[in-house]
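Shown next, in structure tokens, is the structure this report addresses.
Because the structure is a prediction, the values reported are computed rather than measured.
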Amino acid sequence: MAGAATLLLLVAACSSPESGAGAAPNRGSGDPYQVGIIGAGSGGAPVEGGTLTFGSYSEPRSLDPAVTIVAGSTGGLEMAAVYDVLMRWDSETNTVEPQLAESLEANEDATVWTLTLRDGVTFSDGTPLDAEAVRWSLERYVAAGADEAGLFTNNVTGIDTPDDRTVVFTLATEWPTFDYLLTTGPGMIVARSADEGDSFTPVGAGAFTFVSYAPQEEMVLEARDDYWDGRPHLDRIRIAYVNDPQARYDSFRAGDLDSTLLREPDLVDEALSAGTSGFLNLVALGNVAVINASEGRPGADPRVRQAMFQAVNPELVMQRAFEGAGIASNAIFPEYSRWHTGVDPLPYDPEAARALLEAAKADGFDGRITHLDGSDPASRATALAVQASLEAVGFEVETELLPTVADQIARVAVNRDYDVAGWGISWREAGPYGRMYATLHEEGNLTVGMPTTPEMSALITEFQGAGTEEEQREIMGRIQEQWNTDVPALVFAPTPEFLVWSDAVHGAEGTVNSMILLDDAWLDAGS
């Protein structure tokens, strides 16, 4: 999970993925960022050996994809290295391509999908990654109530394994973009031996194996000699845990880190302006404040939710938090996106907000709101801007700043103990349906207390079955209209996610959720 904190979410692209890399945007200009690999040359012949040091955005409590949100901001790089993925999203072609799998084919109406596995792939414990292993891992993922478990359970009616290399998925309804599901957590196949000890041990079929973990310090992964695609060029990956974003970026610029993930618009803009190489995404609804609509909470009243939304100017939030960097917008998908529809969001309108609040107060609401956010400088500035905006129209706001992302996740996603909270709903350019379902469908498991309605659920289901992007875009316009009624969150901006690396790094491949694959990565000699 990663929002103004992370959902980070918990939780993919700015302009259309086909657009490739381009020039950095001017700070605050709103010029579209361009998704994909930026500034990476071939570097010549690969060099064998070396350790790549990555500055992690947050420290995952587990490398189990069934309990950890699979994204670049929450351990996704580490999990992709250990487990690999069945399928990979290619940002240049905007297509899903086989990775661990050999192929994935749909029948004519996209209700049956046949996965063919590569021959001879093994887990790091030596056991085969065969069809039964895939089925076991998927059933385990669902049983754990994982990130996309609800999406899987409510759409996949059968998993058949006619032979060792074939897995057949039968779906409840037409789903033309089912392949995206196997690029994330469900596509990270866990070996049975991972659960055989007293605690979970990361065992996968990826290019690297787990070696050690020192909390609040580092994690070390080592190359596998028997990886299905040949031993990786790197000897090891070292993941360093540095909480402060500016400190991580400074360490990267000083050469202490080979790579890191930037999610703060001012730092992203600075890195782009400096010509830094990396993998760039822009995540819609990445910087929001979710509203708890549970019974007894202020947000249970739709007038209160609408009043809060119309009281806050996204441009003020972005100015205070990031000196105007990034793209301030309260739309679901702003103009940069191929999913932008032209349907207007609720406008910033303090007078309308004040009238809605007064109506709610007349029916007994006391006007008090508690707002949670992180304690880093940007989150603190966001919280203060939101507090000032809400108080200006008559709310009484208490702001609580939590010390870590893990604390935010616990309060918001686990305990749902909040009124309004900095977060990331994170609808991604590449295959947005999965996150839409998880966060706003009535049967989704990442709703975190936000209001869900039959109308929104029906629209999300309709989006799933749409056969063309044009049809999906028309439905997305109606989803924006429904959002204006339901108001599940305050929306400030999409979040840029720039996984940067030094000029010494070559061969990294991007995929969904701002993750990269390092099985073909290498470092210049002497790095």
Side-chain angles (χ1 to χ4, degrees), residues 1-14 24 33 35-40 52-60 63 68-81 89 91 184 218-219 221 237-272 274 276-283 286-287 322 325-326 374 376-379 404-406 408-409 424 426 428-430 493-502 505 508-518 521:
M1 298 174 178
T6 99
L7 224 204
L8 290 263
L9 216 341
L10 39 155
V11 291
C14 59
Y33 296 70
V35 73
I37 301 295
I38 291 178
L52 185 146
T53 300
F54 174 71
S56 180
Y57 183 83
S58 64
E59 183 172 0
L63 290 191
T68 302
I69 292 170
V70 177
S73 54
T74 50
L77 177 144
E78 300 95 305
M79 287 187 280
W89 176 62
S91 63
T184 60
E218 66 174 16
M219 180 180 293
L221 311 176
I237 304 169
R238 174 178 172 265
I239 298 94
Y241 299 116
V242 183
N243 286 330
D244 182 74
Q246 185 67 56
R248 280 199 313 276
Y249 185 47
D250 290 344
S251 295
F252 169 76
R253 291 190 299 176
D256 297 325
L257 299 174
D258 298 302
S259 176
T260 191
L261 177 65
L262 306 176
R263 299 187 76 253
E264 294 68 30
D266 51 344
L267 297 183
V268 170
D269 282 7
E270 185 176 342
L272 287 169
T276 309
S277 298
F279 179 49
L280 178 66
N281 282 302
L282 206 72
V283 183
N287 188 349
F322 304 109
D376 61 277
S379 295
T404 70
V405 171
Q408 276 182 277
I409 292 172
S426 303
R428 297 177 182 272
E429 197 86 353
T495 295
E497 293 186 336
F498 192 19
L499 204 155
V500 298
W501 51 72
S502 72
V505 177
E509 287 188 304
T511 183
V512 297
N513 299 0
S514 299
M515 297 187 297
I516 57 171
L517 304 176
L518 296 172

Does the pair Met515 and Phe279 meet the rule for a side chain to side chain contact (heavy atoms under 4.5 Å, CB included), with working shown? CA-CA 9 Å; Met515 297 187 297; Phe279 179 49; over 6 Å; no

Show your reasoning for whether side chain to side chain contact (heavy atoms under 4.5 Å, CB included) applies to Tyr249 and Glu270. CA-CA 10 Å; Tyr249 185 47; Glu270 185 176 342; 3.7 Å; yes

Go through Ile69 and Asn513 one step at a time and tell me if the side chain to side chain contact (heavy atoms under 4.5 Å, CB included) criterion holds. CA-CA 10 Å; Ile69 292 170; Asn513 299 0; over 6 Å; no

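- Nearest approach of Ser379 to Gly374, heavy atoms of both residues: CB-O, 3.4 Å.
- Taking both residues in full, the closest heavy atoms of Trp89 and Asn281 are given as CZ3-OD1, 4.1 Å, listed atom of the first, atom of the second, then distance.
- Here salt bridge (Lys or Arg N to Asp or Glu O under 4.0 Å) pairs that include residues 70-79, with residues two or more places apart or in two chains, number zero.
- Listed here is the closest heavy atom pair of Ser514 and Leu499: O-CD1, 3.6 Å.
- Among residues two or more places apart in sequence or in another chain, the salt bridge (Lys or Arg N to Asp or Glu O under 4.0 Å) test is passed with Asp244 by none.
- Considering CG of Leu52 and CG of Leu257, their distance stands at 9.5 Å, rounded to 0.5 Å.
- Side-chain contact between Arg263 and Leu261: present, with at least one pair of heavy atoms (C-beta onward) separated by less than 4.5 Å.
- Here the side chain of Ser277 pairs no donor or acceptor atom with the backbone of Trp501 at under 3.5 angstrom.
- Separation of atoms CD (Gln246) and CG (Asp266) is listed at 7.5 Å; rounding is to 0.5 Å.
- Contact check for Thr68 versus Leu63: no side-chain heavy atoms found under the 4.5 Å cut-off.
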Checking side chain to side chain contact (heavy atoms under 4.5 Å, CB included) for the pair Val512/Arg428: CA distance, chi angles, key distance, verdict? CA-CA 8 Å; Val512 297; Arg428 297 177 182 272; 5.8 Å; no

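- Checked against side-chain contact (heavy atoms from CB on, under 4.5 Å), Asn243 has no partners two or more places apart in sequence or in another chain.
- Checked against salt bridge (Lys or Arg N to Asp or Glu O under 4.0 Å), Glu59 has no partners two or more places apart in sequence or in another chain.
- For Thr276, the side-chain contact (heavy atoms from CB on, under 4.5 Å) criterion is met by Phe252, Ala271, Ala274, Phe498, Val500, not counting sequence neighbours.
- A distance-only check finds a donor-acceptor pair linking the side chain of Asp258 to the backbone of Thr53 [under 3.5 Å].
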